[in-house]
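For reference, the structure discussed in these notes is given below.
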Amino acid sequence: MNILLIGSGGREHALALKLTASPLCDKLFALPGNPGIGEIAENIEGISITDGEAILKLAKEKEIGLVVVGPELPLTEGVADVLTAGGVKVFGPSKAAAELEGSKVFAKKIMSRYNIPTAHCEVFNDAARARVYVRQMGAPIVVKADGLAAGKGVVVAQTVDEALDAITSMLEDKTFGEAGARVVMEEFLEGEEASVLAFTDGETIKAMIPSQDHKCIYDGDKGPNTGGMGTYAPAPVVTPEVMERVQKEVLDPMIAGMKKEGKPYKGCLYAGLMITKNGPKVIEFNCRFGDPETQVVLPLLDSDLVEVMLACVDGKLAETEVKWSSDAAVCVVMAAKGYPGSYDKGDAITGLDEAKAIGCNVCEAGTAMKDGVKVTNGGRVLGVVGRAADIKSATAKAYEGVGKISFKDAYYRHDIAHRALERLEK
Ligand code: AMP
Ligand code: GLY
């Protein structure tokens, strides 16, 4: 069948590699795709990724058998609803179900209703009341904008003053516009973070291999947050016992709860977790695959991704086997100097073929073609993925790949997977 992939980042490049590896995929189209994706798919320009009607028309024209949605925005805007109503199969939740990511208040309500472990919280739309609450609770405390804020709507305040500033900025200065019209004030959770992505058809939910993201820009998890500087899977902090609790206490009740609410959730559910000394607690849900988690999780999927996605769409996940490799994968993100602040674009990238020749996947995130040359075109330029029998050799492989690639002032972290390596050394 023909498949249409929506999105243009490293996550979508990882999806494209796996989709095109499926014997069920005759041809892959990408909207809009990127230069890396364009090497294995036909990129389509000129249609907005949130324009459901135009995407439906395109899907009919290209005889698309499955649409795979990468980013959250088309989902929270209801693209999956338009496609489903138009008779086109789509992997990704409806607008109502995507509210799990679109509104933190909604996610918190559902979690409380179905007893899913998460940080205690209070919701405020009034700054004066929020201030009283912060003074009462003290720090550390977490302040979150309700809506989508491009990953910037969370302030982990170490002091009361920091929390008060965040309240002023969100509720009074409207830094995030409507997305910050309500704030969630949350208990600070201590522990190690992990991501568990899961396939679901709305009835059955099957977890993928747990992974861990490195959000800070500098080695040692220092400096400002980024979209993710690297990932690895499996994450040993998620032991088989923890995984069992995640399935029973988080994933199963969530899917049953969403069904009961009349908002059955289909697609990939992303649970961002804090593994605390009392067990796993949910930090956030996302309605899509993680970026850059997908880059390390999907290479470990031994089953056919297209088959699994179709099972999710058709409500047949219970009888579909989802098999995983016992290998490990590590992704090191190469960024432009200055990111997550301002950075240059347009610098030539070399060595991509050399990295691929030693067996690495290279997932492009911020690249462009200029006069026939591949150049940098974003903060996070690309992710180099190494796969091997264990985390240590996968890390070595990823860094060997990084060593082959160069562009002006390329920046990357040198300690991706350090927590796993430390844990395994113990
Ligand atoms: P979010 O956008 O909700 O994933 O939050 C961004 C980051 O803030 C998370 O990855 C955590 O590192 C941190 N964070 C969010 N909520 C909490 C919490 N309740 N306790 C501790 N850290 C948190
Ligand atoms: N890696 C974090 C996210 O995808 O939201």
Side-chain angles (χ1 to χ4, degrees), residues 7 9-12 14-15 69-73 75-76 98 100-108 111 116-123 137 139-158 162-163 166 170 176 179-180 183-198 208 210-217 221-233 235 237 268-278 280-298 331 333 340 363 365 380 383 416 419:
R11 163 185 50 208
E12 287 75 21
L15 280 162
V69 184
E72 63 275 14
L73 200 59
L75 296 165
T76 56
L100 272 189
E101 175 166 0
S103 166
K104 294 198 192 287
V105 174
F106 174 77
K108 281 290 190 182
M111 283 190 264
I116 292 158
T118 185
H120 295 294
C121 78
E122 293 280 338
V123 181
M137 300 305 288
I141 192 162
V142 185
V143 187
K144 301 185 174 186
D146 174 37
L148 292 180
K152 299 201 168 73
V154 175
V155 175
V156 180
Q158 295 301 336
E162 253 180 88
M170 290 182 201
F176 302 114
V183 299
V184 178
M185 309 280 305
E186 209 174 83
E187 164 201 13
F188 175 79
L189 295 174
E190 248 174 290
E192 194 175 327
E193 281 181 65
S195 309
V196 173
L197 281 56
M208 303 185 208
S211 56
Q212 193 174 64
D213 187 4
H214 298 59
K215 289 196 171 121
C216 296
I217 183 77
D221 299 313
K222 304 244 160 51
N225 259 352
T226 69
M229 293 304 294
T231 37
Y232 65 91
V237 63
C268 173
L269 180 67
Y270 170 130
L273 303 168
M274 189 69 86
I275 313 304
T276 72
K277 62 180 194 314
N278 298 320
K281 295 197 176 185
V282 175
I283 294 178
E284 61 164 351
F285 283 112
N286 292 319
C287 64
R288 48 161 177 85
F289 284 93
D291 191 350
E293 284 92 339
T294 307
Q295 287 85 320
V296 290
V297 171
L298 285 188
C331 172
V333 169
C363 296
R380 290 187 300 164
I416 300 304
R419 285 180 206 276

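Remember, it's 1-based here, ligands and their atoms both numbered in the order they're listed. Computed over heavy atoms, backbone and side chain alike; hydrogens, waters and symmetry mates excluded. Remember, it's a predicted structure, so these values are computed and weren't measured experimentally. Starting from 1, each residue takes its place in the sequence as its number.
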Take every heavy atom of Phe289, measure it against each atom of ligand 2, and state whether any distance is under 4.0 Å. no

Below 4.0 Å from ligand 2: does a non-hydrogen atom of Arg11 turn up there or not? no

Using a 4.0 Å heavy-atom threshold (strictly under), name the region of Thr231 that reaches ligand 2: side chain, backbone, both or neither. neither

Where does Gln295 meet ligand 2, judged by heavy-atom distances below 4.0 Å: at the side chain, the backbone, both, or neither? neither

Which ligand 2 atoms are under 4.0 Å away from a heavy-atom of [X]?
X: Glu293; answer: 1 (N), 2 (C), 4 (O)
X: Asn286; answer: 5 (O)
X: Gly290; answer: 4 (O)
X: Asp213; answer: 1 (N), 2 (C)

So among Thr231, Val296, Thr226, which one has a side-chain contact (heavy atoms from CB on, under 4.5 Å) with Asp213? Thr231

Do [X] and [Y] come close enough that some side-chain heavy atom pair is under 4.5 Å?
X: Leu100; Y: Cys287; answer: no
X: Met137; Y: Glu122; answer: no
X: Asp291; Y: Arg380; answer: yes

Hey, which atoms in ligand 1 end up nearer than 4.0 Å to a heavy atom of [X]?
X: Lys104; value: 2 (O), 3 (O)
X: Val156; value: 8 (O), 13 (C), 14 (N)
X: Met274; value: 21 (C), 22 (N)

Taking [X] for its side chain and [Y] for its backbone only, find out whether a donor-acceptor pair lies under 3.5 Å.
X: Thr118; Y: Val282; result: yes
X: Gln212; Y: Glu193; result: yes
X: Ser211; Y: Tyr232; result: no

Geometry only, no angles: is Lys144 polar-contacting ligand 1 at N/O separations under 3.5 Å? yes

Taking side-chain contact (heavy atoms from CB on, under 4.5 Å) as the definition, give me every residue that meets it alongside Asp146, ordered by chain and number, with sequence neighbours left out. Ser103, Lys104, Val105, Arg182

Which distance, rounded to the nearest 0.5 Å, do you find between the CD of Gln158 and the CZ of Phe188? 5.5 Å

Are any of the N/O atoms in Glu284 less than 3.5 Å from those in ligand 2? no

Based purely on interatomic distance, does Arg288 place a nitrogen or oxygen under 3.5 Å from a nitrogen or oxygen of ligand 2? yes

Return the set of residues passing side chain to side chain donor-acceptor pair (under 3.5 Å) with Ser195 (not counting sequence neighbours), or none when no residue passes. Tyr270, Glu293

Do me a favour and list the nearest non-hydrogen protein atom to atom 2 (C) of ligand 2 with residue, atom name and distance? Tyr270 OH, 3.3 Å

Would you name the heavy atoms of Pro280 and Ile275 that are closest together and state the gap between them? CB-CD1, 4.1 Å

What part of Leu189 sits under 4.0 Å from ligand 1 if we count only heavy atoms: the side chain, the backbone, both or neither? both

Under a 4.0 Å heavy-atom limit, does Lys215 contact ligand 1 with its side chain, its backbone, both, or neither? side chain

May I ask you to say whether Lys108 pairs ionically with Glu186, meaning some side-chain N is under 4.0 Å from a carboxylate O? yes

Should Glu190 be listed as contacting ligand 1, given a heavy-atom distance under 4.0 Å as the test? no

Non-hydrogen atom of Lys281 closer than 4.0 Å to ligand 1: no

